[in-house]
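We count ligands from 1, going down the list as the structure has it; atoms in each ligand are counted the same way.
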Amino acid sequence: MTPPRRSRGPVNEPASVPFFSQAASFEEQWPEIFRHVSEVFDSGQFSNGGKVAEFEDAMCAYTGARHAIGVSNATDALTLLLRGSGIGPGDDVVVPAFTFVASGTSVVLAGARPVFADIDPVSYALDPDSFERAITPATRAVMPVHLFSQMADMDALGKIADRHGITVLEDSAEAIGMRWNGVHAGLLGAGGVLSFFPAKTLGALGDGGMLLTDDDELAERLRALRNHGRSGTPGTETGRDPLTVGGNSKMDDIQASVLLAKLAGLDGDIARRAELAERFTEGLTGVPGILALPTIVRADSSNPVYYVYLIEVERRDELVAYLAARGIGTETYYPTPLHLQPCFASLGHRPGDFPVAEAASARTLGLPFYPDLVPSAVDRTCAAIREFLEGDR
Ligand SMILES: *Cc1c(COP(=O)(O)O)cnc(C)c1O
């Protein structure tokens, strides 16, 4: 079966550069996706079934994890990881103030309290000194977040966590393919997560997520928590009475099919992303008004994987509008730091509490960035940015 013939969409058209598209690669991957999906129909298992198990095995091989547990999305994965690690009411979890909102909300959903800390201005990840200052007598866990292209300083954070007896739980949702001294993100502490949201480095055609851990007992609890508290292997557990209260965070087998097909091309996609990043950097180096381009720190410990190409720029919001008027899509990651978000108002923070996070939120901009992006679209985007920033000098 062939997919309905699609136009290549706007990607190759000079007139517009969408922020994200995977239309062209979908067409290429369709035969392999269809092969997996056919097996799902033949098996009759559509949720947490055989295809999910096959994808989990493939992800154990890719990451080196003892356990890779497929779930519905990374937000659920974080909440389950916290619950499975025994974090709940009365416990504090240190979370960077500059991250996707789910890093903080997952802590609340697990019943615990997020305690925010500031970030490093270059890697945008949790700053070790700020982490140490944020520790309270109730701190049970710390959640380093690996953003955009590189990991947090896991040596420094791990040392502080060890000294205080604090569990390290990684929000590695963006970090597939990133490794710290060869250890895949998510496996430096007790466990971590991956997101397969479509725009992520390995994206599904809908939502998906994963838990990674080397801990057998934690893995057993996580498998139960994703499936109504039931333990046992998929397909055999329905008759058992659950020991714990769990929700429904199962991965579906159609998304596992898509992900299995795309996993085969993941390293190629990562290499393509590196080429695109280099082209952006060449096109934007030396442009007045650009305050920062991606800079990899601790490159001896950590390999970069470009999930987002993020710049810091003057008059960011005006530039967003200027690019939008020229058909170029962008995203601001992240427009409001967590400590100033209304959903965390009860924690009583005010502007100025985490200055590095606040400065990042005011200046950062994600440019169009995905394997389907053609080099001419990168050049067009760079030219438009130069035009805007050089225009009135
Ligand atoms: C994408 C993302 C999440 C949430 O992932 P979902 O699968 O969309 O729930 C969590 N944390 C970070 C840092 C992310 O980038």
Side-chain angles (χ1 to χ4, degrees), residues 19-20 22 52 55 59 68-83 93-110 114 116-117 119-120 123-126 141-152 154 157 168-178 185-186 188-189 191-212 222 225-226 247-252 255-256 258-259 262 273 294 305-310 331-338 341 343-344 357 360-361 364 366 369-370:
F19 176 70
F20 175 72
Q22 56 178 344
V52 171
F55 177 57
M59 286 300 294
I69 300 164
V71 291
S72 43
N73 57 70
T75 304
D76 278 12
L78 285 170
T79 308
L80 300 193
L81 180 62
L82 289 153
R83 288 189 61 200
V93 180
V94 178
V95 176
F98 182 74
T99 175
F100 183 59
V101 68
S103 311
T105 49
S106 60
V107 174
V108 177
L109 291 169
F116 297 121
I119 55 162
D120 173 88
S123 70
Y124 303 106
L126 183 59
V142 59
M143 186 187 288
V145 187
H146 314 305
L147 293 177
F148 313 128
S149 58
Q150 62 191 312
M151 291 177 68
M154 294 308 289
L157 295 170
V168 176
L169 302 172
E170 291 167 82
D171 181 349
S172 37
E174 299 183 4
I176 194 164
M178 295 186 200
L188 279 304
V193 307
L194 296 174
S195 171
F196 305 120
F197 183 76
K200 295 271 155 78
T201 304
L202 179 63
L205 295 175
D207 282 302
M210 182 158 270
L211 287 145
L212 299 177
L222 295 172
L225 284 171
R226 77 170 160 182
N248 176 8
S249 299
K250 300 193 297 294
M251 174 178 271
D252 78 346
Q255 294 306 340
V258 172
L259 291 164
K262 292 182 84 171
R273 286 170 176 273
V305 173
Y306 287 90
Y307 156 55
V308 167
Y309 189 87
L310 191 90
E331 276 279 329
T332 42
Y333 294 99
Y334 295 97
T336 309
L338 267 56
Q341 301 227 2
C343 64
F344 297 117
S361 286
T364 47
F369 197 73
Y370 38 91

Please confirm whether Ala74 comes within less than 3.5 Å of ligand 1 when only nitrogen or oxygen atoms on both sides are compared. yes
Side chain, backbone, both or neither: which part of Val145 comes within less than 4.0 Å of ligand 1 when only heavy atoms are counted? side chain
Quick one: does Tyr307 get an N or O within less than 3.5 Å of an N or O on ligand 1? no
For Phe100 together with Phe197, are the ring centres under 6.0 Å from each other? no
Can you tell me how the ring of Tyr309 sits relative to the ring of Phe369, calling it parallel under 30°, perpendicular over 60° and tilted otherwise? tilted
Run the numbers on Thr364 and Thr332 for side-chain contact (heavy atoms from CB on, under 4.5 Å), then give the verdict. CA-CA 6 Å; Thr364 47; Thr332 42; 5.9 Å; no
Could an N or O of ligand 1 be found under 3.5 Å from any N or O of Asp171, whether backbone or side chain? yes
Among all the protein's non-hydrogen atoms, which is closest to atom 14 (C) of ligand 1, and how far away is it? Lys200 NZ, 3.3 Å
Sidechain-backbone polar pair: Gln255 side chain, Leu205 backbone, donor-acceptor under 3.5 Å: yes
Val305 backbone acceptor or donor facing Arg273 side chain under 3.5 Å: no
Show which atoms of ligand 1 fall inside a sub-4.0 Å distance from at least one heavy-atom site of Ala173. 2 (C), 3 (C), 10 (C), 11 (N), 12 (C), 14 (C)
Proximity winner for atom 6 (P) of ligand 1, if only heavy atoms of Ser195, Ala77, Ala102, Ala199 are counted: Ser195
heavy-atom search around atom 3 (C) of ligand 1 in the protein gives Phe100 CD2, 3.5 Å
Name the closest protein heavy atom to atom 4 (C) of ligand 1, giving the residue it belongs to and the distance to 0.1 Å. Thr75 OG1, 3.6 Å
Ring centroid separation Tyr333 to Tyr124 under 6.0 Å: no
What is the nearest protein non-hydrogen atom to atom 15 (O) of ligand 1, stated with its residue, atom name and distance? Glu174 OE2, 2.6 Å
Compare all side-chain heavy atoms of Leu211 with those of Arg226 and state whether any distance is below 4.5 angstrom. no
